[in-house]
Amino acid sequence: MRTPLGVLAAVLCLAACAPSTGGEDVGEVEPKPIAATEAPTRTDEPTPAAKSTPAESDDCRVSVTRPGVSSLRIETAAVRRDCVRPALLRVRVKRAVPGDDPVVKSGATREDRIALKLRCEPGTYYAVATDYRGRTARSKAVRLTCATPAPTPTPTSTPTPAPSEPRPARTTKAPEKRAPVSSVGTAVENEVVRLTNAERAKGGCGPLKHDARLREAAIGHSTDMAENDYFDHTSQDGRDMTDRIDATGFSGSAWAENIAMGQPTAAAVVKAWMDSDGHRENIMNCDHTLIGVGAAKNAEGQIYWTQDFAAR
């Protein structure tokens, strides 16, 4: 009988891994420049650096504005405020009818703000916003008439009989359409107004007047962004464009806003806005009659730009 012999061998290998204490911090993602020859600049889509996601703030809330009419379009907007964790934000415009209310327009974004526009038809509308973390907001219902102002009749004059001895007709040059002269704002801000009006003239729109109250709202927002190192249409205290304009005592309609950061001159920032569909739409809206421009520098000398538009 043969007895098997076995040899038990055990090799233990211990490996310890520890994180390096000398790694580099993750920096802010540099926004894409508007033009290759310029220093990095930004319009209103800043991309923050990736960071670990902390717990959600108890102050996180969703709000939605009541639908209103501007330029024969229904407009509404939804905002997430004081939220730490990102979430898909969806807003729906519903029409109140007997039975189930149909959704006439919807949109979604992973940003904290979204605006919707749709063609106006008379009816009762309300807006519902949901952020897919369980938060929902609903506006009050409002009846919209979508009425347009009646055209002003052109007065007719009684023809004057021609004189017995007609005189040669004198040719007169039509007066040149000029932008209103304004003492509002700084030289660089008024250069933005001038260049903006030059672009509007190419599209057949009338010139904008530099309004003192709109300029107050614009320079206030540019200064706040420059001093507190952020870039957004929503201020860090939660105010949006309408809140800032309201605070100046301005009364008007068809409000809109453009912002940008880093462009060194008035010509550069107007070109950047005109190269962007959404910003160009605000500039070329012929319903606008007033503008406010604010330009403020941060500690590094970068300029934060704001344009606020309105009609009155």
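Just so you know, these numbers come straight off a predicted model, no measurement behind them.
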Between [atom1] on residue [X] and [atom2] on residue [Y], distance to nearest 0.5 Å:
X      : Y      : atom1 : atom2 : result
Asn258 : Thr196 : CG    : OG1   : 8.5 Å
Asp232 : Glu111 : CG    : CD    : 8.5 Å
Asn197 : Asn190 : CG    : CG    : 10.5 Å
Asn282 : Asp277 : CG    : CG    : 11.5 Å
Ser106 : Leu118 : OG    : CG    : 10.5 Å
His210 : Arg215 : NE2   : CZ    : 6.5 Å

Counting N and O atoms only, with roles assigned by atom type, does the side chain of [X] sit under 3.5 Å from a partner on the main chain of [Y], one being a donor and the other an acceptor?
X      : Y      : value
Thr130 : Arg90  : no
Ser139 : Ala127 : yes
Arg213 : Thr248 : yes
Glu191 : Ala267 : no

Pairwise side-chain contact, [X] with [Y], heavy-atom cut-off 4.5 Å (strictly under):
X      : Y      : value
Glu257 : Thr306 : yes
Lys105 : Lys117 : no
Arg133 : Arg85  : yes
Leu195 : Trp273 : no
Tyr125 : Thr76  : no
Ile283 : Phe309 : yes
Arg113 : Asp240 : yes
Ile245 : Leu214 : yes

Using a strict 4.0 Å threshold on nitrogen-to-oxygen distance, state whether Lys202 and Glu199 make a salt bridge. yes
Would you mind checking if Asp237 and Arg239 are paired as a salt bridge, meaning a charged N to carboxylate O distance below 4.0 Å? yes
What do you reckon, is CZ of Arg312 surrounded by more than 12 foreign heavy atoms closer than 6.0 Å? yes
Using only heavy-atom distances, determine whether the side chains of Thr234 and Arg81 contain a donor-acceptor pair under 3.5 Å. no
My understanding is that only one of Arg61, Arg80, Arg135 makes a salt bridge (Lys or Arg N to Asp or Glu O under 4.0 Å) with Asp112; could you say which? Arg80
Hydrophobic cluster identity match, Val64 and Val128, side-chain contacts under 4.5 Å: no
Between Val142 and Tyr126, is there shared hydrophobic-cluster membership here, with clusters defined by ILVMFWY side-chain heavy atoms closer than 4.5 Å? no
Fit a plane to each ring of Tyr304 and Phe231, take the angle between them on a 0 to 90° scale, and name the class: parallel (under 30°), tilted (30 to 60°) or perpendicular (over 60°). tilted
